[in-house]
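What you are looking at is a predicted structure, and each value in this text was computed from that prediction instead of being measured.
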Number of protein chains: 2
Amino acid sequence: MKNCECPGAEKLHGRFRGCGYRMTAGREAVIKVLQETQEHLSADEIFSKARVINPDIGLTTIYRTLEKLSMMGEVHKLDSGDKRGRFELANSGKGHHHHLVCSRCNRIIDYDDFIDDEVRLLKEMEKKLSKKYNFAISGHLIQFYGVCDKCK
Amino acid sequence: MKNCECPGAEKLHGRFRGCGYRMTAGREAVIKVLQETQEHLSADEIFSKARVINPDIGLTTIYRTLEKLSMMGEVHKLDSGDKRGRFELANSGKGHHHHLVCSRCNRIIDYDDFIDDEVRLLKEMEKKLSKKYNFAISGHLIQFYGVCDKCK
DNA sequence: CCTCCTGATGAAAATGATTTTCAATAAGAA
DNA sequence: TTCTTATTGAAAATCATTTTCATCAGGAGG
Ligand SMILES: [Mn+2]
Ligand SMILES: [Mn+2]
Ligand SMILES: [Zn+2]
Ligand SMILES: [Zn+2]
């Protein structure tokens with residue numbers, strides 16, 4: 001595993017170990033799929049792609065790995081409007097970004113334009129809200145809904 | 001129906017008619033439940049409360065009414081983290097507000113503090129994003145996640 | 001009021017994503 | 001290599017939501 005071309009893979013490898021978990025072929029496949037895509041994949045889509053890497057992997061393992069990675073804060077689970085969950089790596093090449101969600105085709109588009117202004121406001125809000133509501137804020141979600149260019 | 005004490009009920013009544021739909025006892029019950037609660041109810045919870053008003057109503061009608069109201073833009077469907085949807089009237093006494101979502105008990109807390117600053121930024125973002133991504137924005141979602149006071 | 005056309009409804013069955021069960025397997029520490 | 005136990009795949013179970021279908025009732029037009 002010393003020549004892994006997937007940036008971050010080793011880190012995740014270590015994080016699994018650190019939590020008392022084992023790194024397996026299935027988990028590596030899921031992580032690799034997430035690292036190589038630019039999209040926001042569903043469990044089933046991850047399954048298809050992971051099968052190319054590891055033909056014996058089962059859908060159950062996809063769900064279990066995704067769940068584990070979510071708990072570890074390494075993947076974000078998104079809601080695109082259709083009923084299935086969609087996932088993305090929390091620490092990919094893309095930095096902190098938010099989403100435009102198409103109500104027609106459910107596609108999720110990343111944006112990080114003007115994100116600094118957004119984050120600045122968010123930080124202020126967090127401070128004020130957590131004090132007023134005695135609520136320990138650990139994350140936020142911002143998305144805009146509408147119709148994407150392809151669907152117009 | 002002239003002495004209805006539920007503000008907005010008549011308006012909704014009219015909106016149904018205007019769309020070629022009928023106003024029925026079931027729909028009135030669902031609307032009443034939504035108007036009287038301060039919480040963010042699930043379909044099943046709305047079902048229980050609606051039954052008190054109209055014992056013969058079925059869960060299916062709850063879903064169908066909620067769906068119709070959503071399409072009409074009269075209710076917002078929320079995602080609280082547990083798997084079922086939660087609903088709130090779009091035009092209730094509460095004005096435009098956003099949410100704090102407890103990751104532990106899934107409770108949804110309304111806030112409208114500092115909402116003006118948020119909305120101002122949102123409007124700017126909308127303008128810039130819709131131009132850059134050729135995306136017709138029709139709504140937004142902002143929520144903060146964390147642990148509520150009761151769960152700490 | 002009475003009729004008629006259709007939209008609306010409830011019960012039951014179907015759906016579909018996600019979870020659980022369970023016996024078999026394989027990390028990886030020693 | 002051994003041994004403990006986390007992990008796995010297949011199949012069954014869940015469970016919120018949707019669909020089907022025969023029946024019912026809103027309300028426009030008489
Ligand atoms: Mn993204
Ligand atoms: Mn609310
Ligand atoms: Zn689209
Ligand atoms: Zn809570």
(request) Pull out every residue in residues 84-91 of chain B that has a heavy atom closer than 4.0 Å to any atom of DNA chain D, ordered by number, or say none. (result) B:Arg84, B:Gly85
(message) Has B:Arg86 got a side-chain atom pairing as donor or acceptor with B:Asp79's backbone, closer than 3.5 angstrom?
(response) no
(message) Rounding to an integer number of Å, can you tell me how far A:Met71 CE sits from D:dA6 P?
(response) 17 Å
(request) Check the distance between C:dA17's P and A:Phe47's CZ and give it to me in whole angstrom. (result) 13 Å
(message) Donor-acceptor pair, distance only, cut-off 3.5 Å: does the side chain of B:Ser92 make one with the backbone of B:Glu88?
(response) no
(message) Are B:His98 and B:His140 an aromatic pair, judged by ring center distance below 6.0 Å?
(response) yes
(message) Restricting to non-hydrogen atoms, name the atom on B:Glu45 and the atom on B:Ser42 that form the minimum distance, rounded to 0.1 Å.
(response) OE1-N, 2.8 Å
(message) Give the residues of residues 62-69 of chain A touching DNA chain C, defined as any heavy atom closer than 4.0 Å, sorted by residue number.
(response) A:Tyr63, A:Arg64
(request) Would you mind reading off the distance between B:Leu78 atom CG and D:dT17 atom C1', rounded to a whole angstrom? (result) 17 Å
(request) Rounded to the nearest angstrom, tell me the gap between atom CD1 in A:Ile46 and atom C1' in C:dT18. (result) 13 Å
(request) Could you identify which residues of residues 50-60 of chain A place a heavy atom less than 4.0 Å from some atom of DNA chain D, listed by residue number, or say none? (result) A:Asp56, A:Ile57, A:Gly58, A:Thr60
(request) Between C:dA8, D:dT7, C:dT19, spot the one nearest the side chain of B:Lys83, thanks. (result) C:dT19
(message) Quick check: any donor-acceptor pair below 3.5 Å linking the side-chain of B:Arg22 to the base of C:dG7?
(response) yes
(request) Could you tell me the separation between the CG atom of B:Asp44 and the P atom of D:dT14, rounded to a whole number of Å? (result) 17 Å
(request) State whether the side chain of B:Thr37 and the backbone N or O of B:Leu34 hold a donor-acceptor pair below 3.5 Å, judged by distance alone. (result) no
(request) Send over the distance from B:Phe16 CZ to C:dA8 P, rounded to a whole Å. (result) 8 Å
(request) Answer with yes or no whether the side chains of A:Gln143 and A:Tyr111 bring together a donor and an acceptor at under 3.5 Å. (result) no
(message) Looking at A:Arg27 and A:Arg22, would you say the former's side chain and the latter's main chain have a donor-acceptor pair under 3.5 Å?
(response) yes
(request) Starting from P on C:dG7, measure out to CZ on B:Arg17 and report it in whole angstrom. (result) 15 Å
(request) Report the distance from atom CZ of A:Arg27 to atom P of C:dT25, rounded to the nearest whole Å. (result) 19 Å
(message) With clusters defined by side-chain heavy atoms of hydrophobic residues (ILVMFWY) lying less than 4.5 Å apart, directly or transitively, does B:Ile53 cluster with B:Leu41?
(response) yes
(message) Taking only side-chain N and O atoms of A:Thr24, does any of them lie within less than 4.0 angstrom of OP1 or OP2 on D:dA6?
(response) no
(request) Could you tell me which non-hydrogen atom of B:Gly146 sits nearest to which non-hydrogen atom of A:Ser138, and how far apart they are? (result) CA-OG, 3.6 Å
(request) Measure across A:Ser80 and A:Val101 and return the closest heavy-atom pair with its distance rounded to 0.1 Å. (result) O-CG1, 3.6 Å
(message) Closer than 3.5 angstrom, by distance alone: can the side chain of B:Arg104 be matched with the main-chain N or O of B:Cys151 as a donor-acceptor pair?
(response) yes
